Amino acid sequence: MTNESPKAGPQSPEAQTANPGARVKDAVAVPSPHSPGPNATAAPSAAAGGSGPAPAAANDAPEQVEVAVATDAAYAGKEADRVQLRRPLRNVSEVRHFFRTNQTPIYFVGATPFNLLGLDRWVRNFSYITYYDGWDGGHPRVFSPRYKPYVEFESGEAINNWLLLNAEVRAHMTRNVPHGERVKVAMVFFDEETERICRELGYDLILPSAALRNQLDSKIETTKLGNEAGAFSVPNVLTTADTYEELNDRATEAGLGSDLVVQTPYGDSGKTTFFISDAAGWETHKDDIIGEQLKVMKRINNTPVAVEAVITSSGVLVGPYLTELAGFAELTPYKGGWCGNEMKPDVLNAEQRAQTRELVRKMGEGLRKRGYRGFFEVDVLVDLDTDDCYLGELNPRISGASAITNVTAGAYADVPLFLFHLLEYLDVEFDLDVQEINERWEELSGADEWSQMIIKETAPITEYITHSPLTGQYYLDQYGTLTYKRAALDWHPLQNGSEVFFLRIFGAGDYRWKGADLGVLVTKNPLQTNVGGSDALSIRAKHFIDSIRAMYAGVPVVPDDPAPALGGPGAKGD
């Protein structure tokens with residue numbers, strides 16, 4: 001479940017999208033629709049657009065960012081324009097060359113650059129347009145408008161549309177477009193209004209249509225598609241129910257037993273999946289179930305695995321296997337809410353990996369028949385009692401797992417998975433041996449270890465933030481203290497489990513409240529342990545979380561605290 005609400009940060013995870021069919025998992029920093037407003041008990045949150053000139057904080061002056069240019073395609077000079085390949089790309093080496101000499105401006109637009117951060121190392125002329133700037137202007141490829149008047153955003157789509165319409169952003173995106181090129185735009189969340197804006201501004205939105213994505217966002221539609229493609233879900237029945245007796249009868253007829261998992265078609269992570277084993281459970285959730293189309297499943301003992309893939313004209317490329325962090329009280333106040341991912345050598349055994357890869361490939365072929373192409377993510381449920389692998393959910397978009405997918409050993413051996421999505425949408429011909437690439441990545445699947453945690457505010461508070469940690473690289477010193485080491489553009493330079501990269505989302509001058517995204521922590525260190533029982537956060541993971549929280553300080557917000565007075569998006573000033 002790597003793409004639902006309170007995952008909106010890189011677009012706030014628990015944000016209810018304007019379109020009820022759009023889920024927000026795997027985003028980080030999309031403001032909650034219930035975030036405090038200027039006249040409520042709390043002042044506007046930064047995620048909701050209330051950031052502005054802030055009082056000086058002790059740690060608000062970032063160090064000079066040092067850019068490593070070793071293999072970073074983004075910093076290839078103008079001489080690259082003279083060495084373009086004019087024939088179809090036939091292998092990964094030629095794909096690497098194509099992107100190192102890319103002339104087309106490509107922008108990732110979002111609340112933060114989290115999902116595709118670091119991709120600018122591989123793709124020349126790739127950069128980010130974001131609402132939050134964790135580097136305070138120190139990242140050479142991140143642009144954030146200076147003036148952000150108070151807006152109570154209710155979805156990732158809304159924040160992205162606001163950015164596209166912002167005068168500063170429009171001026172920045174069209175400043176240096178080469179003759180004959182068109183600006184390309186990618187993002188996690190968008191809608192029909194986004195498509196209209198891009199058409200008017202002359203941008204190419206390099207993603208499947210919003211109408212198709214909304215259709216595929218339905219868990220019911222996903223189940224039907226999977227059945228058609230041979231990628232089957234946990235034993236289930238698609239039905240409706242207005243009483244517990246009716247639900248139980250449908251489940252009994254389908255041989256599902258009485259311990260059930262019930263899902264409604266659309267919704268945020270952890271908010272539309274219900275566990276019902278008796279009449280009391282029905283009474284608790286019936287208001288969310290009655291009148292809805294339902295997917296009723298047998299409850300199994302499982303572990304969820306997130307897998308990203310790309311549908312190209314040469315075939316379906318399948319990425320690495322990641323486990324999911326969900327519902328940990330130390331990270332999120334939302335029960336069952338997505339709060340990170342973990343990649344390690346023993347995520348799956350060889351048989352499970354083979355089953356999972358084939359299931360994802362079949363889903364890709366099924367999506368292709370529906371007219372879908374490009375990037376998608378599948379949640380696979382692995383039955384721990386039988387080793388069977390089932391389709392869980394489909395996220396027809398870039399996902400929260402993308403951040404790790406792009407730094408795997410396979411990515412460095414070839415190119416990050418998302419580059420194949422770009423190939424599909426750029427004006428380039430290619431004919432690649434996808435089977436050979438998949439086989440090579442399968443061999444490398446156990447060669448790396450990465451983890452990420454989305455850290456939310458879990459306390460029932462509303463505060464004006466006065467101090468916050470810097471975005472950058474941290475390490476555990478000789479006393480075990482998490483200590484700031486240096487500024488960093490992303491997490492690629494991390495070497496071992498004693499180092500972490502922290503991407504700040506809310507900082508000094510913003511507001512935090514229960515559920516707000518504080519930031520993302522990435523490390524080459526396992527975060528979960530099953531020592532002493534079921535999966536739990538490790539001692540080191542909890543130490544990282546506590547250390548980051550301790551770097552935040554703020555003052556309580558009083559009722560009717562006014563919103564910051566800010567210039568409009570077209571205003572000029574310092």
Side-chain angles (χ1 to χ4, degrees), residues 8-12 15 18 27-40 42-57 60 62 107-114 127-139 141-173 185 187-190 193-194 197 201 462-466 468 471 503-513 516-519 554 557 561-574:
Q11 255 126 242
S12 169
V28 183
V30 163
S32 164
H34 307 297
S35 58
N39 299 315
S45 75
S51 63
D60 62 0
Y107 292 96
F108 176 72
V109 178
T112 79
F114 161 75
S127 54
Y128 309 88
I129 304 293
T130 69
Y131 193 88
Y132 303 106
D133 180 4
W135 295 265
D136 301 314
H139 194 305
R141 308 299 297 177
V142 171
F143 178 84
S144 184
R146 295 172 297 169
Y147 297 104
K148 300 167 188 174
Y150 172 70
V151 180
E152 202 163 337
F153 296 114
E154 293 188 347
S155 67
E157 292 85 347
I159 201 168
N160 288 343
N161 291 343
W162 185 93
L163 285 168
L164 289 175
L165 291 171
N166 179 273
E168 289 181 74
V169 170
R170 288 187 283 113
H172 175 79
M173 292 177 69
V185 177
M187 57 184 65
V188 178
F189 303 109
F190 69 95
E193 176 64 9
T194 317
I197 293 169
L201 296 177
T462 301
E463 285 188 345
Y464 178 83
I465 301 172
T466 57
S468 60
T471 291
L503 169 61
R504 188 194 71 215
I505 297 174
F506 285 5
D510 294 327
Y511 294 83
R512 61 172 172 167
W513 68 93
D517 291 301
L518 300 180
V557 174
D561 195 1
L566 304 175
K572 183 178 180 180
D574 296 329

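Quick caveat, the model's predicted, so the values are computed rather than measured.
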For the student: nearest non-hydrogen atoms of G134 and T471, plus distance: O-OG1, 2.9 Å
L163/M173 under side chain to side chain contact (heavy atoms under 4.5 Å, CB included): CA gap, chis, key distance, verdict: CA-CA 11 Å; L163 285 168; M173 292 177 69; over 6 Å; no
Atom pair CG/OG1 of L164 and T194 - distance to nearest 0.5 Å: 7.0 Å
K148/D510 ion pair, N-O < 4.0 Å: no
pair L503-W135: side-chain heavy atoms closer than 4.5 Å: yes
Closest heavy-atom pair and its distance - F506, A516: CE2-CB, 3.4 Å
Pairwise side-chain contact, R504 with D136, heavy-atom cut-off 4.5 Å (strictly under): yes
Backbone of S144 reached by a side-chain donor or acceptor of T130 within 3.5 Å: no
Any residue meeting side chain to side chain donor-acceptor pair (under 3.5 Å) with S127, in chain and number order, not counting sequence neighbours: none
Check: E168 side chain, R146 main-chain N or O, donor-acceptor pair, under 3.5 Å: yes
Where Y147 and W162 come nearest, the two heavy atoms and their spacing: O-CH2, 3.6 Å
Ring centroid separation Y107 to F143 under 6.0 Å: no
Closest heavy-atom pair and its distance - A111, N160: N-OD1, 4.1 Å
Whether R141 side chain and Y128 backbone form a donor-acceptor pair below 3.5 Å: no
P149 to Y131 - nearest heavy-atom pair and separation: O-OH, 4.3 Å
CD1 on I129 to CE on M187, rounded to 0.5 Å: 10.0 Å
